[in-house]
Amino acid sequence: MRVLVLGSAAGGGFPQWNCNCDNCKGLRQGTLRARPRTQSSIAVSADGTNWVLINASPDVLAQIAAHPELHANQSIRDTAIRAIILVDSQIDHTVGLLMLREGRPLEVYCTAAVKDDLSDRNPIFVVLQNYCTVRWHPVPLAPASPFVIPELDGIRFHAVPVPGKAPPFSPHRAQPHPGDNIGLMIEAADGRAVFYAPGLARIDNTVAACLARADFLLIDGTFWTDDEMIRRGVGIKRAHEMGHLALAGPGGMLEALSRRRARTILTHINNTNPILNEDSLERRQLDQSGIEVAYDGMVIEVERRRSAVETPA
Ligand code: MLT
Ligand code: MN
Ligand code: ZN
């Protein structure tokens with residue numbers, strides 16, 4: 001099984017179009033050692049031919065263009081993307097659906113809560129009925145049994161309800177419901193698993209069990225501190241108000257990750273986050289803890305390592 005990081009930034013991307021914070025300005029001016037990043041999305045495949053897109057970011061067309069493995073040429077109009085899973089109904093994870101309207105019906109896997117948001121307050125599904133149409137597949141919430149996707153043989157998905165926030169336009173914004181936000185435990189045929197959770201507000205018992213079980217974590221690294229947006233003078237919202245647990249400090253994400261055994265990669269990085277600066281102290285702290293920062297184009301190979309020397313039969 002292979003995981004392809006298509007976009008590793010939070011909503012707005014990096015640099016953000018209207019932002020002059022030290023990171024965005026430094027990247028634009030070439031004075032900062034950092035990589036530009038598009039908005040949060042991954043693709044997963046077991047065979048390298050059939051792919052599931054997990055989240056459809058506003059940058060999806062550029063992301064597809066950058067990855068020939070997502071193209072297909074069996075017929076005059078074709079794609080290697082067989083289905084789309086959404087982890088929430090946030091703008092940065094869903095607006096890209098509109099960019100995929102020229103194709104066959106979109107096979108979209110998400111919870112009822114996400115489907116409701118995308119049928120009502122931000123009616124992307126309704127709009128798309130006039131183009132390619134959407135075929136909605138409800139995902140069962142763990143501990144219910146995992147779900148599979150036709151043509152993605154050998155991959156099982158567990159939708160894990162996680163503490164987070166529905167988007168500002170959702171009727172659930174102030175009244176969280178299970179299914180507003182999910183993490184995905186993505187399990188290969190050999191049992192190895194990736195836990196993907198780009199939005200995570202708190203580590204409850206269910207999430208803690210996922211952190212302990214997974215072999216790979218691709219996890220919310222949006223903000224370094226809870227007051228990062230305020231400190232940088234770019235906003236008034238705190239990380240937890242937006243559904244993200246900050247990395248640093250007591251009770252932060254890094255503390256929760258210190259007990260893990262998995263290979264750990266942070267993603268959904270906001271453009272204000274100091275870890276984007278490869279020369280920052282914060283980035284060095286991650287390096288010293290063996291924690292990686294996802295970048296666009298990163299490939300994660302999920303398979304049991306064969307021993308270097310095969311024993312003759
Ligand atoms: C979030 O996760 O809070 C989003 O990145 C916000 C957005 O897309 O505007
Ligand atoms: Mn987001
Ligand atoms: Zn910025």
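Order of appearance sets the numbers: ligands from 1, and atoms from 1 within every ligand.
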* Heteroatom N/O/S of Asp88 within less than 2.8 Å of the Mn ion (ligand 2) -> no
* Roughly how far apart are Met253 CE and Ile219 CD1, rounded to 0.5 Å? -> 5.5 Å
* Any idea which protein heavy atom is nearest atom 6 (C) of ligand 1, and the distance to it? -> Gln90 OE1, 4.0 Å
* **Within 6.0 angstrom of Phe147 CZ, more than 12 heavy atoms from elsewhere** => yes
* Asked: Can you tell me if Asp92 and Ser40 form a side-chain donor-acceptor pair at under 3.5 Å?
  -> no
* Which of the N/O/S atoms in His268 sits closest to the Mn ion (ligand 2)? -> NE2
* For the Mn ion (ligand 2), which N, O or S atom of Asp92 is at the shortest distance? -> OD2
* Which of the listed options, Asn270, Asp88, Asp92, Thr222, holds the heavy atom that is closest to atom 5 (O) of ligand 1? -> Asp92
* From Ile42 CD1 over to Ile54 CD1, what is the distance, rounded to the nearest 0.5 angstrom? -> 4.0 Å
* Asked: Under 2.8 Å from the Mn ion (ligand 2), is there an N/O/S atom belonging to His93?
  -> no
* **Count of N, O or S atoms belonging to protein, less than 2.8 Å from the Zn ion (ligand 3)** => 4
* Asked: What's the shortest heavy-atom distance between His93 and Val87, and which atoms?
  -> ND1-CG2, 3.8 Å
* Gln63 versus Ser41, closest heavy-atom pair with distance -> OE1-CB, 3.8 Å
* **Side chains of Ile186 and Val3 in contact at under 4.5 Å (non-hydrogen atoms)** => no
* Asked: Are Asn270 and Asn273 close enough that a side-chain donor and a side-chain acceptor fall under 3.5 Å?
  -> no
* To do: Output yes when the distance from some N or O of ligand 1 to some N or O of Gly11 is under 3.5 Å, and no in every other case.
  => yes
* **Rounded distance [0.5 Å steps], CG in Leu97 versus CD1 in Ile84** => 5.5 Å
* To do: Note the single closest protein heavy atom to atom 2 (O) of ligand 1, along with its residue, its atom name and the distance in Å.
  => His244 NE2, 2.8 Å
* State, yes or no, whether a side-chain contact exists between Leu27 and Gln29 at a heavy-atom distance under 4.5 Å. => no
